[in-house]
Structure formats: structure tokens, C-alpha cells
Amino acid sequence: MNVNGRRYRTIWARPGHDKVIQVIDQRQLPHKFVVEDLKSLDDVARAIKEMHVRGAGLIGAAAGFGMYLAALEAPKHRFDDFMLMAAEKLKGTRPTAVNLAVSVERQLKAMAAVSSTGGKISAALETAKEIADEDSDYCMRIGEHGLKMIRDISKKKKGKVVNILTHCNAGWLAFVDYGSATAPIYLAFGKGIKVHVWVDETRPWNQGSRLTAWELGQQGIPHTVIADNTGGHLMQSGLVDLVIVGSDRTTRTGDVANKIGTYLKALAAKDNNVPFYVALPSSSIDWNTRSGSDIPIEQRGEEEVKFAQGLSDGKIRKILLTPSSSRAANYGFDVTPARLVTGLITERGICQASEKGILKLFPERGGNG
Ligand code: MRU
């Protein structure tokens, strides 16, 4: 997508020097646009854990490149042991988004198919690039399927603005390109359909107000940032035509883990007959899990709740919001049960959030789980 008119992905191998992986340091957005070099397994693990990069798709792509950097570092005489250690290290960085483990396993398989160390390193680079390209391609296809839905709503409204509410950042910054929830919006806007996005601020890390608002602004999409508790009121007032969110992990039965607060939006949408869609590439489906209650929910440090970050006197600073002695709890995700989800928008089309619906699009998964 475009940043100040220049095309970027969120992760790439430095041109002419592919031992360095480059990412956008999302901790500094929207105030500073900083490209960061990642040169080692530890750099990638830290970048994922400390959320320089975040969002299920991008975490998956970063893990793919992390395995490649690990392969470059691995001592020849204990290459396989080192790679298993690297795999565990990356998988341990963040527990909820399944894309991370999927990418790591894919890398181990790709490397196992080659015998020489040089061949394994090349396979790891190729696979990392494949994972990134696939993520971008899937998001584009999600966009095409979701576009039809927005176009239908626009026709029903006789061309009036389609108001879409989104939570967290399931945008370009959460993937390699386009985003999942945002891809249909970008395409609709590009086709001249009038759209407006309600952006949940998404406390405590403010992925909505910092990241989604920034990336929509960069593409020129009309949007309004709202405090997290506003969505229900807007839905009651007829000001939301559609909710689209992303997913960090969706079970094979259609339960959806996504950023904390998503469940409350789904409840409000159900009560107000507002369609609630989840846009996700199949790399976010956990084929081995049936119930959302089995999805591990990340708990992060309390300082993310107690402090807020913003720009002051030209510097990015943190300020304390709570009594310093108060305890805070920081649950990163919640689970929206399939019964509250109107449909899943995947790279293969839109389906019901149910095992039957999902398997219609992915029949080859019928045997698993
Ligand atoms: O904690 P984050 O910022 O990694 O959480 C991201 C989300 O919850 C997104 O909505 C999710 O990853 C779906 S889009 C990739």
C-alpha cells in the first residue's frame, strides 16, 4: 500500500542484501515512519514479542523470515537442532495468532526436504518469500469477495455512503499487503463506491486509532476514530451498515479469536441486525481446534493498560493514566462464538461460520480434526 505516495509492503528482504530483513516499526506509528533492519533470529523474536510487527498475517510472515535468518546463523554441525530451537523460540513469542506456528512448521518441512546446508538456507529464503507473497495474494482475493458485499449494500442504499465499523487493525499493517478487513474497503473505494469507516480506538495498544486510522488516511479513505464503547450506540442509531474485523485464530467450527473487544461488537451487531463479518486468510484457521475455548489467550504486561503513548513536544512519550499502585489486567484477545458471525470472508469466497460452511470452501481439510 502507499505511504506518502510510495508503495510499501510491511516486510521485505533488503534489495541486493537479503541477509537483512526490513520491517516498519509499528510502535512508532502514526507519528514516525521508521524502517527497521532485522539481522538475526533474536531480532525477529524481539520484534514480534515487543510488537514492532504485529497482526496475525505479518507475524506469520515475520516468523518465516525469522526461520531463514536462523538458518543463516545455524552452526553446520548441529543445524537441525538449532533450527528446532529457533522454531520453539519463535512459536513462544506470541501464543494466539496461529499463523506464526503454521509458518514455522512450513519452514521446517521445506528445509527437511533438502539435504545440504546451503540448500536448506535457500529453501528457507524461498519459503519465507512464498509465505509473504501468499499472504498478500490471499488478502487481495479476500478484498475481491468482500467488495461484492459492499457493492450490494451501496446499491441498496442507492449510492449513499456505506458505513463500516472495524476493530483493531486488520489492515495492511497486520499483513504483508492490503489487509483482510480493509482489502474490500480499499477495493470499493478504488471503484468509486462511497465508504466511511468507524475506527475503534482499540485500547490498550490503540491499533485502531494509531494504525488503522493512519493507513486509511494514507489511502485517502474517509474514516472517524471512535472510543471503544461507541459502536453499540452507532449501531442503535442506524449508523453502521456492516462490521468487518480480522481474526488471529479461527477454529474449524468458526469460532473467532480476535483483539479484545471484538466479542462485544459482535453482540451489539447481533442485537441490532447489523451484519458482522470476519475477514481472514485460511492461514488463520486452526484446523486442529474445534472450540474457541481451547484457543490460548495472550495476557500482556499491565503497563500497556496503565500507560498511554502519544506525541508531545515532537517526542513520542508515555503517560500514566491510572493510580500508580492500581493493578491492571491485559487480556489481548477474546473469542466471538460462530453463532454471532454472519460470515467468514476468505481467499476462496464467503462462507458460513460453521464447520460445514468452512469445509465447503476447503474440502481438502475434511479429514482433519
Ligand atoms: O495484538 P495484535 O495487534 O497482533 O492483534 C491483531 C489483531 O487482533 C488483528 O485484528 C488480527 O491480527 C486480525 S488481522 C491479522
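Read the numbers this way: they start at 1 and go in the same order the structure lists the ligands and their atoms.
- Of all atoms in ligand 1, numbered sequentially from 1 with element shown, those under 4.0 Å from a heavy atom of A56 are 12 (O), 15 (C).
- In this structure, A97 does not count as a contact residue of ligand 1, since none of its heavy atoms falls inside 4.0 Å of the ligand.
- In terms of protein heavy-atom proximity, atom 7 (C) of ligand 1 is closest to D248 OD1, 3.2 Å.
- In this structure, L211 and W205 have side chains that are in contact, with non-hydrogen atoms separated by less than 4.5 Å.
- Counted by atom type alone, R54 and Q26 present one or more donor-acceptor pairs between their side chains at under 3.5 Å.
- Taking the six-membered ring wherever Trp is involved, the centroid distance between the rings of F33 and Y8 falls below 6.0 Å.
- Note: an N/O pair closer than 3.5 Å links N258 and ligand 1 by distance alone.
- Formation of a donor-acceptor pair under 3.5 Å by the T346 side chain with backbone atoms of L280 is not found in this model.
- Atoms of ligand 1 lying under 4.0 Å from at least one heavy atom of Q207, given by number and element, are 1 (O), 2 (P), 3 (O).
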**OP:** Report the C-alpha distance between D43 and L69 in whole Å, list the side-chain angles of each, state the deciding distance to 0.1 Å, and finish with yes or no for side-chain contact (heavy atoms from CB on, under 4.5 Å).
**Re:** CA-CA 9 Å; D43 282 355; L69 292 179; 5.7 Å; no
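- Two residues are said to be in side-chain contact when any heavy atoms from C-beta on lie closer than 4.5 Å; R203 and E304 fail this criterion.
- Judged by distance alone, the side chain of R317 and the main-chain N or O of S312 form a donor-acceptor pair under 3.5 Å.
- Using a 4.0 Å cut-off between heavy atoms, A174 contacts ligand 1 through both its backbone and its side chain.
- The shortest N or O to N or O distance between G55 and ligand 1 is below 3.5 Å.
- The part of F333 lying near ligand 1 is the side chain, judged by heavy-atom distances below 4.0 Å.
- Residue G246 approaches ligand 1 through these ligand atoms, each under 4.0 Å from one of its heavy atoms: 13 (C).
- Applying the 4.0 Å criterion to heavy atoms of M51 picks out, from ligand 1, the atoms 1 (O), 3 (O).
- Counting atoms of ligand 1 from 1 in the listed order, those under 4.0 Å from a heavy atom of S247 are 13 (C).
- You'll find the ring centres of Y186 and W172 outside the 6.0 Å limit.
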Subject >> H223 and W198: CA distance, side-chain angles, deciding distance, side-chain contact (heavy atoms from CB on, under 4.5 Å) verdict >> reply: CA-CA 6 Å; H223 63 278; W198 295 112; over 6 Å; no
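- Contact annotation: for R94 versus ligand 1, heavy atoms closer than 4.0 Å belong to the side chain alone.
- Counting atoms of ligand 1 from 1 in the listed order, those under 4.0 Å from a heavy atom of N169 are 9 (C), 10 (O).
- Counting atoms of ligand 1 from 1 in the listed order, those under 4.0 Å from a heavy atom of A170 are 14 (S).
- Both the backbone and the side chain of K259 come within contact range of ligand 1, each with a heavy atom under 4.0 Å.
- Two residues are said to be in side-chain contact when any heavy atoms from C-beta on lie closer than 4.5 Å; K191 and R151 meet this criterion.
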